Amino acid sequence: MSGMRVGVVGVGYVGLTTAVCLAERGAHVVAVEVDAAKVDSLNEGRPTVDEPGLRDILVDGLARRAVSFTTNDRFMADREVVFVCVSTPEAPDGSADLTAVEHVVDRLANVLPPGAVVVIKSTVPVGTTRWLAELLQPNGIHVACAPEFLREGYAVHDFRHPDRIVLGVDEDVAAEIVGRCYGPLSSPLLRTNLESAELAKYASNAFLAVKSSYANSLAALCDRTGADVLDVVRCMGADGRIGTDFLEPGPGWGGSCLPKDSAALLHTARRHGVVLAEVEACRRTNEAQGARIADTLRRSVGRPLRDMRVTALGLTFKAHTSDTRDSPALTVCSQLVSGGAHVQGYDPRLAAVDPGVLAAAGVSAVDDPYRATKAADAIVVLVEWPEFAEFDWYAIGEQSPGAVVVDTRNVLDGELVERAGLRYVGNGRRAFGTGGTG
Ligand code: UGA
């Protein structure tokens with residue numbers, strides 16, 4: 001695909017990764033973004049999202065003049081393919097808010113040459129791409145849908161090594177142009193119609209949510225029966241039909257995608273008179289996780305939350321990111337604070353977390369884990385950061401003797417924590433503690 005003229009609109013996780021990784025593969029990429037400050041930062045080689053490996057590829061692409069960033073749509077005028085990567089946030093009724101996508105397509109209609117292909121990477125409800133294709137058809141512009149499956153924190157890795165590339169496209173000519181853009185692939189390219197590609201994205205994220213909620217419900221059952229959830233999911237995951245991924249219990253699933261995409265899928269299903277009971281149930285399970293953890297703290301410490309000093313280890317929505325959007329960790333913190341607890345939070349990426357978000361959750365942030373855990377009645381592990389297991393738990397035990405450690409992610413060595421003079425409570429792991437999180 002050497003030398004192909006590619007455009008990208010929107011430089012969030014998906015857009016920026018797409019722009020720099022396609023430039024790495026030999027395309028000439030121009031990315032348009034409305035936020036001038038982001039454009040300046042990127043043109044100076046400073047990434048606007050926190051992703052391992054991204055900076056080096058960005059700097060290399062800029063040095064080779066293979067990628068550039070602008071606020072000006074007119075640089076799209078000679079593009080062969082343009083990837084639309086703007087966000088589709090959750091509207092108040094649970095549907096996907098398509099304002100940004102519609103706006104971008106309007107602008108592209110005025111500037112793109114006939115024969116160009118607009119590829120929708122934004123997550124859009126089934127039916128959207130065909131509607132956009134009809135809008136752009138009079139201008140001779142083709143439209144395809146290529147949903148993105150990369151994970152935050154692994155964006156570059158997932159772009160380079162996807163499990164699959166899904167391409168929804170009706171016209172062979174557009175399929176050929178987009179295929180050229182990706183170049184030789186080591187992953188399967190699954191061609192579908194527009195509707196199937198759109199739905200495959202929602203169906204995948206909702207399935208991950210269902211699987212994860214199932215693991216959380218099983219953990220609650222393990223707490224009451226003496227089974228160890230880690231053994232249960234190990235046995236389940238060994239079955240190739242089930243697989244081990246997304247079976248790790250935790251405080252619930254969150255982030256910028258699973259919550260909004262499961263809501264939007266339900267909205268679409270309702271509009272078509274279809275009941276997706278599994279997806280509805282997994283959202284209910286997820287909403288109950290905060291109360292379940294608060295209840296565990298009450299029972300393990302042996303008194304109400306009022307004036308309990310709690311340390312929250314981990315504030316982001318998962319490890320290896322500084323993103324706190326829809327963070328289950330912060331949901332748990334808010335719940336504890338509303339019950340009267342005083343919550344101090346520590347996170348390895350605290351420096352990159354917006355203090356306003358923590359203040360809204362009622363959490364006071366401390367940038368040192370040992371200061372954060374000092375004189376705590378309870379310590380609750382909310383994110384699976386590997387460094388938490390490496391802490392000096394004996395030092396923590398000395399400064400907070402007898403404190404309860406509720407490990408919602410099961411990342412600590414429970415026996416070591418108990419030897420350090422603390423009381424360990426795993427999630428679905430009754431054998432290690434004085435009672436589980438159920
Ligand atoms: C998710 C999907 O995994 C990506 O494939 C998709 O491209 C992306 O959404 C998107 O639509 O843009 P991401 O939001 O980065 O990616 O987060 P995940 O890694 O999927 O984690 C989601 C949540 O599930 C996190 O809160 C995580 O802690 C939780 N989780 C995950 C568990 O609680 N247990 C698990 O076993 C796995």
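Just so you know, these numbers use all the heavy atoms, side chains as well, and skip hydrogens, waters and symmetry mates. Indexing begins at 1, ligand by ligand and atom by atom, following the structure's order. All of these numbers come straight from a predicted model, not from anything done at the bench. Numbers here simply count residues along the sequence, with the first being 1.
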Quick check: does [X] get an N/O under 3.5 Å from an N/O on ligand 1?
{"X": "Gly254", "value": "yes"}
{"X": "Asp245", "value": "no"}
{"X": "Phe317", "value": "yes"}
{"X": "Cys257", "value": "no"}
{"X": "Thr123", "value": "no"}
{"X": "Gly255", "value": "no"}
{"X": "Glu152", "value": "yes"}

First locate atom [atom1] of [X], then atom [atom2] of [Y], and finally report the distance between them rounded to the nearest 0.5 Å.
{"X": "Leu135", "Y": "Asp106", "atom1": "CG", "atom2": "CG", "value": "7.5 Å"}
{"X": "Leu313", "Y": "Arg409", "atom1": "CG", "atom2": "CZ", "value": "12.5 Å"}
{"X": "Phe391", "Y": "Ile379", "atom1": "CZ", "atom2": "CD1", "value": "9.5 Å"}
{"X": "Cys181", "Y": "Phe83", "atom1": "SG", "atom2": "CZ", "value": "4.0 Å"}

For [atom], which protein heavy atom lies nearest, and how many Å away is it?
{"atom": "atom 5 (O) of ligand 1", "answer": "Phe149 O, 2.7 Å"}
{"atom": "atom 6 (C) of ligand 1", "answer": "Leu150 O, 3.4 Å"}
{"atom": "atom 2 (C) of ligand 1", "answer": "Asn205 OD1, 3.5 Å"}

Review point. Is Phe149 atom CZ crowded by more than 12 heavy atoms from other residues, nucleotides or ligands, each under 6.0 Å away?
Key: yes

Exercise for review: Examine the side chains of Thr17 and Glu51 and answer whether a donor and an acceptor come within less than 3.5 Å of each other.
Suggested key: no

Point to revise | No-hydrogen, no-angle side-chain donor-acceptor test under 3.5 Å, Ser187 and Arg164 | key: no

Nearest to [atom] by heavy atom, [options]: which?
{"atom": "atom 19 (O) of ligand 1", "options": "Lys318, Glu148, Glu248, Lys211", "value": "Lys318"}
{"atom": "atom 20 (O) of ligand 1", "options": "Tyr154, Phe246, Trp253", "value": "Phe246"}
{"atom": "atom 1 (C) of ligand 1", "options": "Leu382, Asp326, Leu258", "value": "Leu258"}

Exercise for review: Have a look at ligand 1 and work out which part of Arg409, if any, has a heavy atom under 4.0 Å from it: side chain, backbone, both or neither.
Suggested key: side chain

Check your understanding: Side chain or backbone of Leu208 under 4.0 Å from ligand 1, or both, or neither, by non-hydrogen atoms?
Key -> side chain

Practice item. Test Glu390 against Trp385 for side-chain contact (heavy atoms from CB on, under 4.5 Å), laying out the working first. Key: CA-CA 10 Å; Glu390 308 302 323; Trp385 286 104; over 6 Å; no

Review point. Please walk me through it: do Ser322 and Asp50 pass side-chain hydrogen bond (donor to acceptor under 3.5 Å, both in side chains)?
Key: CA-CA 7 Å; Ser322 55; Asp50 185 10; 3.0 Å; yes

Review point. Hey, is Asp323 close enough to Lys318 for a salt bridge, meaning N to O under 4.0 Å?
Key: no

Check your understanding: Are the charged groups of Arg270 and Asp93 less than 4.0 angstrom apart, N to O?
Key -> no

Practice item. For Lys201, counting its heavy atoms only, list the atoms of ligand 1 lying under 4.0 Å from any of them. Key: 6 (C), 7 (O), 10 (C), 11 (O), 12 (O)

Review point. Would Ser212 count as a contact of ligand 1 if the rule is a heavy atom under 4.0 Å away?
Key: yes

